[in-house]
Number of protein chains: 2
Amino acid sequence: MFQLSKRVEYGLIAMRHMAARSAGQICTAKEIADRYHIPYELLAKVMQRLAKKGFITSYQGVHGGYILVRSPNDLKVSEIIKAIEEKDTVTILQCEAESPEDCIIHTTCTIKDPLVKLQNSINKVFDDLTIMEMV
Amino acid sequence: MFQLSKRVEYGLIAMRHMAARSAGQICTAKEIADRYHIPYELLAKVMQRLAKKGFITSYQGVHGGYILVRSPNDLKVSEIIKAIEEKDTVTILQCEAESPEDCIIHTTCTIKDPLVKLQNSINKVFDDLTIMEMV
DNA sequence: TGAAAATACGACCATTCAAGTCTGAATTAT
DNA sequence: ATAATTCAGACTTGAATGGTCGTATTTTCA
């Protein structure tokens, strides 16, 4: 509970790794998987997702791999989490996640307002950390 | 992912509810379950846990129920989360949760340090919000 | 031209966890 | 006694997560 998924952890490790490389240098999924002892197939899927979302560019073929698109200091951790989880919010409250009407509690939910404020504070924390600061 | 569990949500709702009551007034699990349309059995278990951890005092029997032990402005949200989840840390990183040796990555994990800092910021957010501020 | 190295994509499985339910106690006021 | 409550488990179900596998497709290069 209240943990980042392995997918996100792997994604952050990969992004950090690429950021540490000199710009424009290509990285393969295999190389990263080996280096950090993480399962290749899973990492590969994460990177494919990151590629699809435009964070990294993919190159197929023998000397293929991935390259960072944006500058590390322009890459918020929050963005990467959202991309990997395919959500557009990082939400601690469950009722927020689905459509508000689905939540039976909704109308009587007394903790929502204070926790939304708390949510904003947490979002800020994730927004403020960039990949740049991780390398 | 990255959400509070229903248990925690229900627990916070219950704690807030009791805090809103005049001090010393007894509340039953059934009353709270009805009031907020949450499943009684689940809420009951959450409150039993909170009782065991000393946040509320339980009274059995016909006019039994629960009463807040401490003052609402002394009740950090972080404490309640930890009590309900039976963890002594609220941890976003998975490698942190188990014993560090279990994590194969551990030795090569590059994102740990920065995320621990981020963790601290988040902890602060949960520490700073009290039940008092929710009522 | 064929083999090798890489990404791309989807199906699949196993395990865990959360949520919820149920059953049966023990306690206590009336 | 009976009813209302907490207490303590076991149990079921469903979904999500982590991980694996198989099979394309693309590209380089010997």
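When reading the values below, keep in mind they use all heavy atoms of this one structure, side chains included, and skip hydrogens, waters and symmetry mates.
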- For A/Glu31, what residues pass the salt bridge (Lys or Arg N to Asp or Glu O under 4.0 Å) criterion, not counting sequence neighbours? A/Arg21

- Query: Who are the side chain to side chain donor-acceptor pair (under 3.5 Å) partners of A/Gln119, not counting sequence neighbours?
  - Reply: A/Asn123

- Item | Under the side-chain contact (heavy atoms from CB on, under 4.5 Å) test, residues paired with B/Glu133 that sit two or more places apart | B/Leu129, B/Thr130

- Query: Rounded to the nearest 0.5 Å, what separation is found between the CG atom of B/Leu115 and the NZ atom of B/Lys117?
  - Reply: 10.5 Å

- Task: Specify the residues of residues 17-25 of chain B, ordered by number, for which at least one heavy atom lies under 4.0 angstrom from an atom of DNA chain C.
- Result: none

- Item | Nucleotide interval of DNA chain D bounded by contacts with chain B (heavy-atom cut-off, under 4.0 Å) | D/dA3 to D/dG18

- Residue met sooner reading DNA chain D from 5', once B/Ala29 and A/Leu4 are mapped to nucleotides: B/Ala29

- Side chains of A/Met134 and A/Val77: closer than 4.5 Å at any heavy-atom pair? yes

- What pairs with A/Glu41 under side chain to side chain donor-acceptor pair (under 3.5 Å), at least two apart in sequence or on another chain? none

- Message: Per the side chain to side chain donor-acceptor pair (under 3.5 Å) rule, what does the pair list look like for residues 53-72 of chain B, sequence neighbours excluded?
- Response: B/Lys53-B/Glu86, B/Arg70-B/Asp74, B/Arg70-B/Glu79, B/Ser71-B/Asn73

- Partners of B/Asp127 by salt bridge (Lys or Arg N to Asp or Glu O under 4.0 Å), sequence neighbours excluded? none

- Nucleotide range of DNA chain C contacted by chain A, 5' to 3', under 4.0 Å to a heavy atom? C/dA4 to C/dA19

- Please list residues of residues 52-63 of chain A whose heavy atoms come under 4.0 Å from any atom in DNA chain C, ordered by number; otherwise none. A/Lys52, A/Ser58, A/Tyr59, A/Gln60, A/Gly61, A/Val62

- Query: So what does B/Ala44 hit on the nucleic acid, given a heavy-atom distance under 4.0 Å: a base, only sugar-phosphate, or nothing?
  - Reply: nothing

- Query: Tell me, do B/Tyr36 and B/His17 make a side-chain contact under 4.5 Å, heavy atoms counted?
  - Reply: yes

- Task: Sequence neighbours left out, what passes side-chain contact (heavy atoms from CB on, under 4.5 Å) with B/Val46? Give chain and number order.
- Result: B/Arg7, B/Leu50, B/Ile84

- Query: Looking at side-chain heavy atoms only, is the closest gap between B/Met18 and B/Met47 below 4.5 Å?
  - Reply: yes

- Does the side chain of A/Thr91 come under 3.5 Å of the side chain of B/Gln3 through a donor N or O and an acceptor N or O? no

- Residues which pass side-chain contact (heavy atoms from CB on, under 4.5 Å) with B/Lys30, listed by chain and number, not counting sequence neighbours: B/Thr28, B/Asp34, B/Tyr40

- DNA chain C nearest-nucleotide lookup for A/Lys45 and B/Glu85: closer to the 5′ end is A/Lys45

